[in-house]
Engineer: 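Before we start, here is the structure in question, set down as structure tokens.
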Amino acid sequence: HEGEQLGDWSEQDVGVRWQLPPLTRWQAVATLKELGVRVLTFDRESDEEMVAMLNRGEAYAVLGGDSDFYLMTGSRYIPFNHLTSPPSPAPISARVFTPRLVAD
């Protein structure tokens with residue numbers, strides 16, 4: 001939706017109208033677990049804990065929509081909009097950002 005104007009829509013309308021279907025998150029988590037991917041969820045702010053997990057080698061990158069990870073020391077971040085899923089059987093690919101890459 002890049003470059004689209006909000007027009008008469010309020011920000012609240014955009015948030016409601018562009019939500020993913022209710023079971024999408026559940027299905028994504030179930031699929032990842034079936035593939036053997038460790039999936040963690042947190043009930044509180046957890047940016048620092050996730051970066052600590054990266055630094056301990058417990059994860060490769062954080063996939064999400066939180067721009068804080070662009071600048072956090074030691075982070076590797078994949079924004080949702082940089083994850084591409086071509087038609088099967090091609091592999092999923094992503095652009096991984098680090099603070100150094102952003103600074104350059």
Side-chain angles (χ1 to χ4, degrees):
H1 303 282
E2 199 170 297
E4 288 185 6
Q5 298 293 322
L6 289 179
D8 294 329
W9 290 12
S10 69
E11 287 183 31
Q12 183 179 5
D13 289 338
V14 171
V16 170
R17 292 180 186 186
W18 288 357
Q19 286 180 354
L20 293 172
L23 296 177
T24 302
R25 182 178 183 279
W26 178 88
Q27 182 60 60
V29 169
T31 300
L32 289 169
K33 286 182 177 181
E34 184 177 310
L35 293 171
V37 175
R38 182 176 174 208
V39 177
L40 301 173
T41 58
F42 296 87
D43 293 330
R44 58 178 166 62
E45 184 68 24
S46 57
D47 295 1
E48 291 177 7
E49 176 60 23
M50 286 190 274
V51 172
M53 291 175 70
L54 294 172
N55 292 323
R56 291 190 302 261
E58 296 176 25
Y60 175 73
V62 174
L63 171 65
D66 185 347
S67 61
D68 292 353
F69 290 105
Y70 282 118
L71 303 175
M72 292 183 75
T73 301
S75 70
R76 284 183 300 278
Y77 176 55
I78 303 170
F80 284 123
N81 63 338
H82 284 271
L83 185 69
T84 60
S85 178
S88 292
I92 293 174
S93 63
R95 179 144 190 212
V96 180
F97 290 87
T98 63
R100 174 170 273 162
L101 177 65
V102 173
D104 290 343

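Keep in mind that this is a model prediction, so the values were computed, not measured.
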Engineer: What pairs with Gln27 under side-chain hydrogen bond (donor to acceptor under 3.5 Å, both in side chains), at least two apart in sequence or on another chain?
Structural biologist: Thr31
Engineer: What residue pairs, at least two apart or across chains, pass ring pair (Phe, Tyr, Trp, His ring centres under 6.0 Å) with a residue in residues 84-104?
Structural biologist: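 Counting only pairs at least two positions apart or across chains, the ring pair (Phe, Tyr, Trp, His ring centres under 6.0 Å) contacts touching residues 84-104 are Tyr70-Phe97, His82-Phe97.
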Engineer: Met72 and side chain to side chain contact (heavy atoms under 4.5 Å, CB included): which single residue from Val62, Asp47, Leu54 fits?
Structural biologist: Asp47
Engineer: Report whether Val37 and Leu63 are members of the same hydrophobic cluster (ILVMFWY, side-chain heavy atoms less than 4.5 Å apart, transitive linking).
Structural biologist: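 Result: no, two separate clusters.
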Engineer: Return each pair, listed once, that meets side chain to side chain donor-acceptor pair (under 3.5 Å) where at least one residue sits in residues 71-80; pairs must be two or more places apart or across chains.
Structural biologist: none
Engineer: Hydrophobic clusters here meaning ILVMFWY residues chained together by side-chain heavy-atom distances under 4.5 Å, can you tell me if Met53 and Leu32 are in one?
Structural biologist: no
Engineer: Got a sec, which residues hit side-chain contact (heavy atoms from CB on, under 4.5 Å) with Ala94, two or more places apart in sequence or on another chain?
Structural biologist: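 Applying side-chain contact (heavy atoms from CB on, under 4.5 Å) to Ala94 gives Ile78, Leu83.
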Engineer: Test: salt bridge (Lys or Arg N to Asp or Glu O under 4.0 Å). Region: residues 48-67. Which pairs qualify, not counting sequence neighbours?
Structural biologist: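 Every pair satisfying salt bridge (Lys or Arg N to Asp or Glu O under 4.0 Å) with a residue in residues 48-67: Arg38-Glu58, Glu49-Arg56, Arg56-Glu58.
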